[in-house]
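Here's the structure we're looking at; comments come further down.
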2 protein chains.
Amino acid sequence: MGKAYDVMAATCPSRTVLHRIGARWTVFVVTALADGPMRFTELKARIEGITPKVLTETLRALETDGLVHRAALGGSPPRVEYSLTPLGRSLWVPLQAVRDWAETHVPEILDAQARSEAAVGG
Amino acid sequence: MGKAYDVMAATCPSRTVLHRIGARWTVFVVTALADGPMRFTELKARIEGITPKVLTETLRALETDGLVHRAALGGSPPRVEYSLTPLGRSLWVPLQAVRDWAETHVPEILDAQARSEAAVGG
DNA sequence: GATACCGGTTACTTCAACGAAACCGGGACC
DNA sequence: GGTCCCGGTTTCGTTGAAGTAACCGGTATC
């Protein structure tokens, strides 16, 4: 059985999907929400350096793709809770592996960068 | 034992690493090279839609980070072979998982997108 | 001597993503 | 009546990654 979708094909929709996954802040939001539902301000605090605008954009995009659920709970002050959908939770698995890899191999990459900078004549 | 690096910290070098991994074409190049060493033109053919400029840039970046090895074999016509380093091969594991996820869940995401477009009033 | 192949490079342009900063309504608290 | 919090929105500016297209030297082929 061949696969229905192939990332190597120029027009394959999986490329769009991959692009979304690779967006700067997607991995952070999914990682944060993997610990449980969270409110906007909580997310903003946890993901250091993210601006409210970008956080909103990222959440909307993930919501559109069915990865994140947004629950407005009314009341005052307003309460909005974001959570991963089952699809989002399934994405978390490979994303966590990537995150893990990144955190684990930082020293090797820093080393390689230093070495190639030295080779060029830094 | 706490982790040495945490992606959630604003200044953590793992963020740079993650950024590189998330670059538009990284996953394609690593995936292609996972099948074995390959020449420039071969890569260009296999990764549909990539331009020579972007391919060069991506390969150089991956080389700098120690993920790809470049071997110029002289002769004429010139022969240059690119291959994954052990570090690159270790990255392939999580990347393949992400690629797999993307290819597998295309229909669900397309569905979700269609539904939220309809909800807005398409 | 025209053509094609390899492995790129160069110059220019475009465009989406990202970021900074200010602001919004509505309530609650003081 | 001033201030704070929540969950954003709006405007504007910047940046850098990506795309387009043309070209390069060297060789070998016809």
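Chain identifiers are assigned alphabetically (A, B, ...) following the order of the sequence lines, protein sequences preceding nucleic acid strands; residue numbering begins at 1 within each chain.
- Pairs engaging residues 14-36 of chain A under the ring-ring contact (aromatic ring centres under 6.0 Å, His included) rule: Trp25(A)-Phe28(A) [sequence neighbours left out].
- Checked against salt bridge (Lys or Arg N to Asp or Glu O under 4.0 Å), Glu81(B) has no partners two or more places apart in sequence or in another chain.
- Under the 4.5 Å side-chain criterion, counting only non-hydrogen atoms from C-beta, Thr31(B) is not in contact with Val7(A).
- Comparing Gly22(A) and Thr56(B), the nucleotide of DNA chain C nearest to each residue sits closer to the 5' end for Thr56(B).
- Judged as a ring-ring contact (aromatic ring centres under 6.0 Å, His included), not a single pair has a partner in residues 41-65 of chain B (not counting sequence neighbours).
- Within the 4.5 Å cutoff, the side chain of Leu59(B) has heavy atoms near those of the Leu43(B) side chain.
- Note that the first and last nucleotides of DNA chain C, 5' to 3', having any atom under 4.0 angstrom from a heavy atom of chain A are dC18(C) to dG27(C).
- Among residues at least two apart or in separate chains, side chain to side chain donor-acceptor pair (under 3.5 Å) pairs with a member in residues 40-52 of chain A are Asp35(A)-Arg46(A).
- Looking at Thr58(B), its side chain does come within 3.5 Å of a backbone N or O of Val54(B) through a donor-acceptor pair.
- Residue pairs meeting the side chain to side chain donor-acceptor pair (under 3.5 Å) criterion with at least one member in residues 88-98 of chain B, sequence neighbours excluded, are Trp101(A)-Ser90(B).
- Sorted by first and then second residue, the pairs that involve residues 7-23 of chain B and meet salt bridge (charged side-chain N to carboxylate O under 4.0 Å, His left out), not counting sequence neighbours, are Arg20(B)-Asp65(B).
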Are any protein N/O atoms closer than 3.5 Å to N/O atoms in nucleotides 27-30 of chain D? If there are, list each pair with its distance.
{"unit_1": "dT27(D)", "atom_1": "O4'", "unit_2": "Ser76(B)", "atom_2": "OG", "d": "3.0"}
{"unit_1": "dT27(D)", "atom_1": "O3'", "unit_2": "Ser76(B)", "atom_2": "OG", "d": "3.4"}

Close N or O pairs between protein and nucleotides 18-21 of chain D (under 3.5 Å):
{"unit_1": "dA18(D)", "atom_1": "OP1", "unit_2": "Arg24(B)", "atom_2": "N", "d": "3.1"}
{"unit_1": "dA18(D)", "atom_1": "N7", "unit_2": "Lys53(B)", "atom_2": "NZ", "d": "3.3"}
{"unit_1": "dG19(D)", "atom_1": "OP2", "unit_2": "Trp25(B)", "atom_2": "NE1", "d": "3.2"}
{"unit_1": "dG19(D)", "atom_1": "N7", "unit_2": "Lys53(B)", "atom_2": "NZ", "d": "2.9"}
{"unit_1": "dG19(D)", "atom_1": "O6", "unit_2": "Lys53(B)", "atom_2": "NZ", "d": "2.5"}

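- Remark: Asp6(B) engages Arg99(A) in a side-chain hydrogen bond (donor to acceptor under 3.5 Å, both in side chains) (not counting sequence neighbours).
- Within residues 26-45 of chain B, no residue places a heavy atom under 4.0 Å from DNA chain D.
- Of all the heavy atoms in Leu18(B) and Val27(A), the pair that sits closest is CD2-CG1, 3.6 Å.
- Arg70(B) meets the side-chain contact (heavy atoms from CB on, under 4.5 Å) test with Arg60(B), Glu63(B), Ala72(B), Val80(B), Tyr82(B); sequence neighbours excluded.
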